[in-house]
Amino acid sequence: MLCSREILNFLIRKDVKKILKRKDSDAGQRGKALEDLRASIFNKFRSSESAKRQQQRICGPVAALTFNFMVAVGIIFMNKWVLKNVGFQFPVFLTFIHYAVSWALMAILNSFALLPASPPSKSTPLSLFTLGVVMSLSTGLANVSLKYNSVGFYQMAKIAVTPSIVLAEFIWYKKKVTFSKVVALTVVSIGVAIATVTDLQFSLFGACVAVAWIIPSAVNKILWSNMQQQENWTALSLMWKTTPITLLFLVSMIPFLDPPGVLAFHWSFNNTSAILVSAFLGFLLQWSGALALGATSAISHVVLGQFKTCVILLGSCYLFGSNPGTTSIIGAFIAIGGMSFFTYLNLRDKKQQPQPGLQVSSALPKSKLSEGNGEICDGFGTETV
């Protein structure tokens, strides 16, 4: 209904009605006018700017973070089922299946013209290639770390991602974090460390993998956030461009990080179904994570991940009667307090920021009919005199 109403409003504009009623005998001029009309309609409903505006309108920061939180919690339990109950002990190959299913789903969307258009070429091929590489390293090494280390040690390693992001954003983009936010992030890190200190089990190889994972994870979040906010990418269009690169590098990682025997795995209907459900949740996790990074920031996404850890710890204690210990529960509440303070600071900063007027420009040439009326029309149907 909304799309139909927008098309109707577009067609009853003055310049469009003049095009439709034009009785000029010059077929070339009439064809040029109709071509301008077609290009304007395409720019309104299929351009990258329109897709980006729709993503921001439908999926704001709260919706994106909530979506990512729910999917992340679901895939934790699903992957645990696949690795433990199903016995699929190939973490990098499981990551490859996740991305392969994601690319297949996006190919289906693209075949029906439902995939958002890519923005004009602002991103260099090197930046897209870099993002694809760090995505493969970040997700692949994370799953390997979870296999060889305990969840507590994995979360302790994740704490190091936060200062890595702050340092990298300061070096690359000259972004500074206020002292109040530094205090909040420090409280969060201390709380998570206390909450997970009772579960520090790791091997030498697992510890090396966890350390190697920190930098790719930080760079991955920074690039996802920056390329969407600064270069007009939508989550799905950026996923579509970078997933083939990620798949290529995951294939090269499998012989080095996965044990042999993946072809000898018992691919029964139940086992395959569980892996495919995990892969579908992996697609939702990648999409929701990209939406969250595009709507907020890399640091906010890391804080959300640590909040997820505390909620799972407290939820397991309340719902399933597990006993993580008083120390872990106190640490979880300390971390949640720091996260609440960090969220308050972000909301306060957004309220203090000036709201600039919405300016939309179009790369299309101005219509001669509009020029004749002294009007300047952009690609989204607005007019200024």
Side-chain angles (χ1 to χ4, degrees), residues 72 75-77 79-84 87-96 98-99 133-168 185-223 246 249-262 282 285 289 298-299 301-310 312-313 316 322 324-325 327-328 331-332 334-335 338:
I75 199 172
I76 285 175
F77 292 106
N79 282 348
K80 183 177 180 180
W81 175 269
V82 170
L83 292 173
K84 298 296 183 181
F88 192 79
Q89 299 295 320
F90 310 97
V92 179
F93 190 72
L94 180 62
T95 306
F96 174 82
H98 285 190
Y99 279 99
V133 172
V134 296
M135 281 172 60
S136 63
L137 293 174
S138 175
T139 53
L141 293 178
N143 285 336
V144 175
S145 176
L146 282 173
K147 178 183 178 181
Y148 290 98
N149 303 318
S150 64
V151 175
F153 187 83
Y154 173 77
Q155 293 299 330
M156 290 288 283
K158 185 181 290 186
I159 292 175
V161 175
T162 302
S164 300
I165 291 176
V166 173
L167 179 61
L185 292 172
T186 302
V187 172
V188 171
S189 300
I190 293 175
V192 173
I194 295 174
T196 58
V197 72
T198 57
D199 184 29
L200 294 182
Q201 300 175 7
F202 61 94
S203 64
L204 178 60
F205 176 75
C208 293
V209 170
V211 172
W213 165 81
I214 293 173
I215 294 179
S217 178
V219 174
N220 180 47
K221 295 179 185 299
I222 292 172
L223 290 178
T246 303
F249 274 84
L250 284 173
V251 169
S252 65
M253 292 167 59
I254 290 174
F256 300 98
L257 296 176
D258 270 358
V262 64
L285 180 66
I299 296 178
H301 191 254
V302 172
V303 172
L304 175 67
Q306 295 170 341
F307 175 71
K308 171 191 64 182
T309 302
C310 296
I312 291 175
L313 187 148
S316 299
S322 62
T327 302
S328 296
I334 292 175

Subject >> Closest contact, heavy atoms only, Ile334 versus Gly191 >> reply: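 It is CG2-CA, 4.0 Å.
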
Original post:
Under a 4.5 Å cut-off applied to non-hydrogen side-chain atoms, are Ile215 and Val134 in contact?
Top reply: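 No - every pair of side-chain heavy atoms lies 4.5 Å or more apart.
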
Subject >> Shortest non-hydrogen contact from Met253 toward Val92 >> reply: CB-CG1, 4.1 Å

Original post:
Roughly how far apart are Met135 CE and Thr95 OG1, rounded to 0.5 Å?
Top reply: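 Separation between the atoms: 11.0 Å.
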
Original post:
Can you tell me if Asp258 uses its side chain to pair, donor with acceptor, with the backbone of Phe93 under 3.5 Å?
Top reply: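 Yes, because the side chain of Asp258 sits within donor-acceptor range (under 3.5 Å) of the backbone of Phe93.
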
Subject >> Qualifying residue, where the test is side chain to side chain contact (heavy atoms under 4.5 Å, CB included) with His98 and the options are Thr139, Asn143, Ile75, Leu285 >> reply: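 Of Thr139, Asn143, Ile75, Leu285, side chain to side chain contact (heavy atoms under 4.5 Å, CB included) with His98 is met by Ile75 alone.
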
Subject >> Nearest non-hydrogen partners of Gly338 and Val187, listed with the distance >> reply: CA-CG1, 3.8 Å

**OP:** Go through Val144 and Phe205 one step at a time and tell me if the side chain to side chain contact (heavy atoms under 4.5 Å, CB included) criterion holds.
**Re:** CA-CA 10 Å; Val144 175; Phe205 176 75; 4.2 Å; yes

Original post:
Is there a donor-acceptor pair under 3.5 Å between the side chain of Ser145 and the backbone N or O of Ala142?
Top reply: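 No: the side chain of Ser145 does not pair with the backbone of Ala142.
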
Original post:
Which atoms form the tightest heavy-atom contact between Ile165 and Ala218, and what is the distance?
Top reply: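 Looks like CG1-CB, 3.7 Å.
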
Original post:
Ser136 side chain to Val133 main-chain N or O, any donor-acceptor pair under 3.5 Å?
Top reply: yes

Original post:
Between atom CD1 of Ile194 and atom OG of Ser189, what is the distance when rounded to the nearest 0.5 Å?
Top reply: 11.0 Å

**OP:** Could you grab the distance from atom CG of Leu137 to atom CG of Leu250, nearest 0.5 Å is fine?
**Re:** 8.5 Å

Original post:
Which class fits the ring pair Phe88 and Phe90: parallel under 30°, tilted 30 to 60°, perpendicular over 60°?
Top reply: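 If you compare the ring of Phe88 with that of Phe90, the planes turn out perpendicular.
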
Original post:
What's the shortest heavy-atom distance between Ser252 and Pro255, and which atoms?
Top reply: O-CD, 3.5 Å

**OP:** Take atom CD1 of Ile254 as the centre, draw a 6.0 Å sphere, and report whether it contains more than 12 heavy atoms from other residues, nucleotides or ligands.
**Re:** yes

